[in-house]
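These notes are about the structure you will find just below.
Computed from heavy atoms alone, side chains included, the values below leave out hydrogens, waters and symmetry copies. Keep in mind that what you see is a predicted model, and the values were worked out from it rather than measured.
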Amino acid sequence: MASTNSYFRSIVTSHVEAHPKLAYAILATLAISVAHYAVTSALYGKVAHSKSLQKTPPVVPHFLPFIGNVPWQFAWSPIEFFKSSYYAFLQHPVRIRLFTKELYIIQGRENVVAHLAQTSTSNTMFNASFLRQTCAMSSYAVERLGSETEETPKYFERKYLAAAPLYAWSSSVIHRYLAGRSALRLSQRFENNLRGRIEGHQALAVPEGVVLNNFLDFFIDDVTAALLDAMCGNGLLERNPAFTGAFWTFCENFPTFMKQIPRFLAPQAYNAREEVLAAVANWQTWASENFDANTTPLDEDGDDPFWGSKFFRERFSTFVFDMGFDARDMASMELGFLFGASSNVTVNTYWCAIDVFKDQVLLKDIRKEVQACKTEDKGDLRFDISKLIQQPLLQAVFAESLRLRCHNMFIRKTTEAINILEWVIPKDRFVIAWSTPGHMDSKVWSDTNDIHPVDTFWPGRFLKYTDKSKFAQFSLTKREGSWLPFGSGANLCPGRHFAKIHCILTLAMMVERFDCEILAEPKDLKIDLSKFGMGVLGPSGKVAARLRRREKKTE
């Protein structure tokens, strides 16, 4: 052993003697790094423990002065990073430095809620990037949408966050479309469309049913199609029969576009985008040419058979005819809307179906809730929707799937100095909050015995028993800021109510009509992390399933 140690010492000594400058440089770098860490650590502790009510979030201690904080674990295991890394235990805002950039990270449930309640922060940067990089909108159109000098078509008092005028106006229109009577009519059309597709599904025609090599195909070909017809009328899909497949390829490649991966590395993604853009433009041109304000019949809500919803008709008229936007750019805008309205809710509904069908006890209980909500015509797939979406277990399945698989990044830019409780963030700074720390917080979501770990599916997290009732009640009490699939405060998603109806109604129809065998092992039901921070994470691969007519004698 002594001879071995002597051997290695001789090697080290010889290298140092041969390259003394390199050795001194390494030692100097180490000394600087240690000193830098000591200084940043001392400053961090001073600010973090200060009792001041007006303090700037401290810089997270780091060794490398010109590189900053490099959270390597985030690159390959982002969920585990937020569960077990240094950042997972922080309960106050911090700053991190990455080369020349400085980001403010909001940590702690109360701070996240306060951040998302801000109305003086702007998400224009994300909107512009999404429209330009994902939806292929022209730079000219993106600049017009983000311009502070553009005038809105209609005056409205409430601005959506600190957005530019056209972004603010467009957002208010979307909020109106997905709320109130308009949302009710959308839900009714979706219900009728989905009922027709399920009743006519090939799995009901043969006793043995059908095997779907990819269970997600059912949700693309039937559920998403029912939603698109509900929003756009029949024109979009009738004129473009292959739309849903190309549209889903486009949706799945959202990270590809946002990360600006070159076309030669992802030709299928870019080809799909061109196909769906052309399809949307084709539908809008056809609808515009055929709609006549004097002769086209309108229903009581102003919807027509060409545009489907007056929402699309009026937006097209305003942006193209009144404001002079190019029709191709309008197709990009509406493609972005269709993506936002269908991508996340489709994937979450898919996961809910898998969770329910692979657990026979849960399936039996879900079917009891669904049966209790059927209308008098019990031979049909008709439900009291208002009653259905209030069922505790159905709500719990919906909420638990989102907690487990929806991981959002909320990034904003301050347009003025803001206060987040006792923390001050200056003007023109980028501020980020994540849903993941709250969604994966075992102190909030796991029981004392940890029988149901936070990274497993268990809808019981959302069910509470009270002295007044022997039945479980759905509850989000004391989870404010820890369940954020739709944001919070000023950032609340306008489509959250319809998303709940979409998911629960689809699940109800499926458990009523189908028996479904999930042909996959637990290890095959992994999520795809490439979309982390961008919404509901999809499956990492194909999951096969056998779908057949339900045998009611088993209940």
For the student: nearest non-hydrogen atoms of [X] and [Y], plus distance:
X: Thr256; Y: Ala266; result: CG2-CB, 3.7 Å
X: Pro459; Y: Leu362; result: CG-CD1, 4.4 Å
X: Val210; Y: Ala203; result: CG2-CB, 3.7 Å
X: Ser482; Y: His439; result: O-CD2, 3.2 Å
X: Ala396; Y: Leu463; result: CB-CD2, 3.9 Å
X: Ser530; Y: Lys259; result: O-NZ, 3.5 Å

Measure the shortest side-chain to side-chain distance between [X] and [Y] over non-hydrogen atoms and say whether it is less than 4.5 angstrom.
X: Pro453; Y: Thr456; answer: yes
X: Lys542; Y: Leu216; answer: no
X: Val223; Y: Phe190; answer: yes
X: Gln391; Y: Leu393; answer: no
X: Ile389; Y: Leu394; answer: no
X: Leu547; Y: His201; answer: yes
X: Met258; Y: Phe126; answer: yes
X: Leu228; Y: Thr244; answer: yes

### Working for side-chain contact (heavy atoms from CB on, under 4.5 Å), residues Phe357 and Glu517
CA-CA 7 Å; Phe357 278 115; Glu517 181 184 1; over 6 Å; no

Salt bridge check, [Y] against [X]: does any charged N sit closer than 4.0 Å to a carboxylate O?
X: Asp301; Y: Arg185; result: yes
X: Glu369; Y: Lys364; result: no
X: Glu199; Y: Arg195; result: no
X: Arg109; Y: Glu480; result: no
X: Asp441; Y: Arg479; result: no

Mind checking the [atom1]-[atom2] spacing from [X] to [Y]? Nearest 0.5 Å is all I need.
X: Ile354; Y: Phe457; atom1: CD1; atom2: CZ; value: 11.0 Å
X: Ile198; Y: Arg513; atom1: CD1; atom2: CZ; value: 9.0 Å
X: Ser187; Y: Leu227; atom1: OG; atom2: CG; value: 10.0 Å
X: Arg496; Y: Cys493; atom1: CZ; atom2: SG; value: 7.5 Å
X: Ile501; Y: Leu388; atom1: CD1; atom2: CG; value: 9.5 Å
X: Leu116; Y: Leu492; atom1: CG; atom2: CG; value: 9.0 Å

Does the [X] side chain pair with the main chain of [Y], one donor and one acceptor, at a distance under 3.5 Å?
X: Asn111; Y: Gln91; result: yes
X: Ser540; Y: Ile527; result: no
X: Lys387; Y: Ala372; result: yes
X: Asp359; Y: Asp355; result: no
X: Trp445; Y: Gly438; result: yes
X: Thr249; Y: Gly245; result: yes
X: Thr349; Y: Val345; result: yes

### Query
Can the positive tip of Arg405 be found less than 6.0 Å from the middle of the six-membered ring of Trp351, inside 45° of the ring normal?
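So Arg405 does make the cation-pi contact.
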
### Task
Compute both the distance and the angle, then confirm whether Arg549 meets the cation-pi test with Phe514: under 6.0 Å from the six-membered ring centre, within 45 degrees of the axis.
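Relative to the ring axis of Phe514, which defines the angle, Arg549 lies outside at least one limit.
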
### ring pair (Phe, Tyr, Trp, His ring centres under 6.0 Å) evaluation trace for Tyr350 with Phe218
CA-CA 9 Å; Tyr350 159 85; Phe218 173 83; over 10 Å; no

Kindly state whether the ring of [X] and the ring of [Y] have centres lying under 6.0 angstrom apart.
X: Phe219; Y: Phe215; answer: yes
X: Phe130; Y: Phe339; answer: yes
X: Phe471; Y: Tyr465; answer: no

With a 3.5 Å cut-off and no angle check, do the side chains of [X] and [Y] form a donor-acceptor pair?
X: Thr346; Y: Asn348; answer: no
X: Thr436; Y: His407; answer: yes
X: Asn271; Y: Arg263; answer: yes

When the ring planes of [X] and [Y] are compared, do they come out parallel, tilted or perpendicular, using 30° and 60° as the limits?
X: Trp483; Y: Phe486; value: perpendicular
X: Phe498; Y: His502; value: perpendicular
X: Phe243; Y: Phe247; value: parallel

Could you go through residues 305-312 and list every donor-acceptor pair under 3.5 Å that involves a side-chain atom there, pairing it with any protein atom two or more places apart or in another chain?
unit_1, atom_1, unit_2, atom_2, d
Ser309, OG, Tyr177, OH, 3.1
Ser309, OG, Arg189, NH2, 3.3
Ser309, OG, Met231, O, 2.7

Above 12 or not: heavy atoms from other molecules or residues under 6.0 Å from [atom1] of [X]?
X: Gln188; atom1: CD; value: yes
X: His497; atom1: NE2; value: no
X: Gln390; atom1: CD; value: yes

### Query
Taking only residues two or more places apart in sequence, or in another chain, which ones meet Val206 in a side chain to side chain contact (heavy atoms under 4.5 Å, CB included)?
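Side chain to side chain contact (heavy atoms under 4.5 Å, CB included) check on Val206 returns Glu208.
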
### Query
For Glu191 and Arg382, what are the C-alpha separation, side-chain angles and deciding distance, and is it a salt bridge (charged side-chain N to carboxylate O under 4.0 Å, His left out)?
CA-CA 9 Å; Glu191 178 187 5; Arg382 296 182 184 276; 5.7 Å; no

#### Entry: Stepwise side-chain contact (heavy atoms from CB on, under 4.5 Å) test for Ile366 and Val511
CA-CA 8 Å; Ile366 287 290; Val511 301; 4.3 Å; yes

#### Entry: Verdict with supporting geometry, Arg315 and Met330, side-chain contact (heavy atoms from CB on, under 4.5 Å)
CA-CA 9 Å; Arg315 291 230 302 180; Met330 195 65 218; 4.0 Å; yes

### Message
Before you tell me yes or no, could you show the steps for Asp384 and Ser386 under side-chain hydrogen bond (donor to acceptor under 3.5 Å, both in side chains), namely the whole-Å CA-CA distance, both residues' side-chain angles and the distance that decides it to 0.1 Å?
### Response
CA-CA 6 Å; Asp384 180 338; Ser386 61; 2.7 Å; yes

### Task
Under the side-chain contact (heavy atoms from CB on, under 4.5 Å) rule, what do Leu277 and Ser332 come out as? Steps first, then yes or no, please.
CA-CA 7 Å; Leu277 272 173; Ser332 294; 3.6 Å; yes

